[in-house]
**Student:** 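Sharing a structure below in structure tokens format, with a few things to ask.
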Amino acid sequence: MRRSSPRPLLVRSIPALWTLALGLWGLSRQDSVWRDEAATWQVARRSTAETVHMLANVDVVHGLYYLLMHGLFDLFGPGTAVLRLPSVVAMAVAASCVAALGHRLAGPWAGLGGGLALGLLPAVQFYLQEGRPYALVAAGAGISTLLLVTLLEGRGRAVHWVAYGGTVALGGLLNWLSLMILPAHLVTLLWTRAGRDTGKRWAAAALAAATCVLPLVLFSRSQSAQVSWIPPLTWHMLIGPAILLAIGGAGALLDRPRADGPRADGFRADGFRADGTRPDQPRSDRPRARRLSAAAVGLPLLAVPQLGLVGLSLIQPLFLDRYVLFSLLGLALLIGVAIGAAVEAVARRRPRAAPWVLPVVMAVAVAALLPQALAKRSPASRVDDVLTAAGEIRRMKKPGDAVLFIPAARRDTRLVSPDAFAGLRDIALARSPEESGTLKGTEARPDRIRAAMLAQRRILLVTDAPGVARPPATERERAKSSVLRTHFRPVADQQARGRRVTVYERRTGTPRPSGD
């Protein structure tokens, strides 16, 4: 078995390369960008001052990510590759961390299997190619968990505690719900009965990280209307987390702590503390510590964020799987444990066949999940595509045309592809997004919009396709729809990938307004 075990460098690097390859496969998604990514794209093209102005009004929770993408767009220019590559690289780092954790806690085959499994999880494949911060948060969770295990093994120093607190804080600044990794790590400390000194150092690092993120948490509460669209928690929403916890629990049951595994009491094998100082703790207290195991790390990492999000959603609807994407690192680690157990079982009976267990398992998993993988890389996997709508505008517009957006948030099509809208007047817009410090700009009063519409001969409307569209929700939207229905007639209509572009011409005999 030992001869056939993969080397540590391969255990860490193969999953990273595998995940990187999965991320690069179909990265452009047939040149499509959906509405969430469009928000990243258009904010990343603003100046730093304009971005800071916007964050005071909206989307402050993603401020650090927007500033990062602004720098990348400045360096490499806007494009789908630049938009999504940070997520690909981040998830590759996360896969490497899972592999390293599995290797340390359950053996090389568990590490290799867990690292490879992460990239195949359907939710990971979705956000692996997403121009949003969730994969970066997952990378931070992987690094911080790996640092914690290093410290619990007694191999860390003060700098590792600083790095741990800094990584948790950075993840919190990318998405403050990632702070739920702290109670997950606390469960690991309690599970393994870590020593008092270790507990005190962890508490100091955790408090420092939470303190750094607290201003963002408090300020973002004033922008909570942004998530008002999230539906209340229902029983059927709990099916997914229940399945994940069942799979993770099964993997945890197969976990057997390694006989040579590290203790979690903060002491080295020579009886000294991890920092090299002589122990003051009575010897009789030290044997209470339990050995670290993959279950002690992976199960809390999976379960605590999932259950924590459920609990928060009972107070305010927040139940979106992307907010706790990082918890799937725990699931992948426990899947790796199951694979490692299978390799060991085969090795006891047929040692030569043991190295083939993981390739066979991966081949079966890839074949079973191939339809999912193809679907995630299709534009149809997202609710819409702003670039397709921009292409239709470029084809259908004529000199002197005006453009409208229903709802106003569909203005993201113009903000991502301004060249396609060259020569068109945005007749409802009063203040641009940059000037107003918003994502979609500020529109004029309904009566002014009505007057501006009646002064046009042709109007191009960008809206949602029927399967996605909702009834007009604001007075402005109702005014736009009413004028189009009463005084204009559609002469061309194109629907593709969740967006709809309709050309309206003014009906004959409709009087022009004499003034505002």
Side-chain angles (χ1 to χ4, degrees), residues 1 5-6 11-12 14-15 18-19 91 94-125 138 141-142 145-146 148-149 152 181 184-185 187-188 190-192 238-259 261 264 290-308 321 324-348 354 357-366 368-369:
M1 174 76 175
S5 296
V11 170
R12 291 162 175 77
I14 290 177
W18 166 253
T19 307
M91 200 57 78
S96 183
C97 289
V98 170
L101 288 166
H103 189 190
R104 288 190 187 183
L105 301 173
W109 288 112
L112 190 57
L116 292 172
L118 180 67
L120 287 178
L121 298 176
V124 170
Q125 293 216 43
T145 303
L146 189 57
L148 180 68
V149 168
L152 291 178
I181 199 170
H185 287 169
V187 171
T188 296
L190 295 174
W191 188 325
T192 57
L238 301 179
I239 296 174
I243 293 174
L244 296 179
L245 293 177
I247 296 172
L253 291 175
L254 295 172
D255 185 35
R256 295 290 183 270
R258 298 170 64 186
R290 296 172 179 169
R291 296 190 183 279
L292 276 171
S293 66
V297 175
L299 195 56
L301 182 56
L302 169 63
V304 173
Q306 294 281 342
L307 297 176
D321 62 349
V324 290
L325 180 71
F326 64 91
S327 69
L328 296 185
L329 274 65
L331 177 63
L333 179 59
L334 295 170
I335 290 174
V337 168
I339 293 174
V343 173
E344 290 180 2
V346 172
R348 284 192 291 267
V357 172
L358 179 58
V360 170
V361 169
M362 289 298 297
V364 172
V366 168
L369 294 172

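These numbers were taken from a predicted model, which means no experiment stands behind them. Because only heavy atoms are used, hydrogens play no part in the values below, and waters and symmetry mates are left out as well, while side chains stay in.
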**Student:** Testing the basics here: between Leu333 and Ala294, what is the closest heavy-atom pair and its distance to 0.1 Å?
**Tutor:** CD2-O, 3.9 Å

**Student:** When rounded to the nearest 0.5 angstrom, what distance separates CD1 in Ile243 from CG in Leu331?
**Tutor:**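 If we round to the nearest 0.5 Å, Ile243:CD1 and Leu331:CG are 11.5 Å apart.
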
**Student:** Could you walk me through whether Val357 and Trp109 pass the side chain to side chain contact (heavy atoms under 4.5 Å, CB included) check?
**Tutor:** CA-CA 10 Å; Val357 172; Trp109 288 112; over 6 Å; no

**Student:** Among Ile339, Val366, Ile335, Leu116, which residue meets the side-chain contact (heavy atoms from CB on, under 4.5 Å) test with Val361?
**Tutor:**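 Among the candidates, only Ile339 passes.
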
**Student:** To the nearest 0.5 Å, tell me how far Met91 CE sits from Leu325 CG.
**Tutor:**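 Reported value, rounded in 0.5 Å steps: 4.5 Å.
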
**Student:** Roughly how far apart are Leu244 CG and Ile239 CD1, rounded to 0.5 Å?
**Tutor:** 12.0 Å

**Student:** Do you know which two heavy atoms are closest between Val337 and Ala106, and how far apart they sit?
**Tutor:**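 Minimum heavy-atom separation between Val337 and Ala106: CG2-CB, 4.2 Å.
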
**Student:** Within the structure provided, determine whether Leu105 and Val297 are in side-chain contact (heavy-atom separation under 4.5 Å).
**Tutor:** yes

**Student:** Hey, what do you get for CD1 (Ile181) to CG (Leu329), rounding to the nearest 0.5 Å?
**Tutor:** 8.0 Å

**Student:** Could you tell me which non-hydrogen atom of Leu358 sits nearest to which non-hydrogen atom of Gly113, and how far apart they are?
**Tutor:** CD1-CA, 3.8 Å

**Student:** Apply side chain to side chain contact (heavy atoms under 4.5 Å, CB included) to Thr145 and Thr188, showing your working.
**Tutor:** CA-CA 10 Å; Thr145 303; Thr188 296; over 6 Å; no

**Student:** Please name the pair of heavy atoms, one in Gly119 and one in Val124, separated by the smallest distance, quoted to 0.1 Å.
**Tutor:**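 Minimum heavy-atom separation between Gly119 and Val124: CA-CG1, 4.1 Å.
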
**Student:** Closest heavy-atom contact between Leu112 and Val11?
**Tutor:**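 So the minimum-distance heavy-atom pair works out to N-CG1, 3.8 Å.
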
**Student:** Considering only heavy atoms from C-beta outward, does the side chain of Leu245 approach that of Leu307 to under 4.5 Å?
**Tutor:** yes

**Student:** What distance separates Ile14 CD1 from Thr19 OG1, expressed to the nearest 0.5 Å?
**Tutor:** 11.5 Å

**Student:** Just jot down the side-chain hydrogen bond (donor to acceptor under 3.5 Å, both in side chains) partners of Ser327, sequence neighbours excluded, or say none.
**Tutor:**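 Listed in chain order: Gln306.
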
**Student:** Could you pull out the closest heavy-atom pair between Ala184 and Pro305, with the gap in Å?
**Tutor:**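 Looking at all heavy atoms of both residues, the shortest contact is CB-CD, 4.4 Å.
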
**Student:** Roughly how far, to the nearest 0.5 Å, is CG of Leu328 from CG of Leu334?
**Tutor:**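 Between atom CG of Leu334 and atom CG of Leu328 there are 11.5 Å.
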
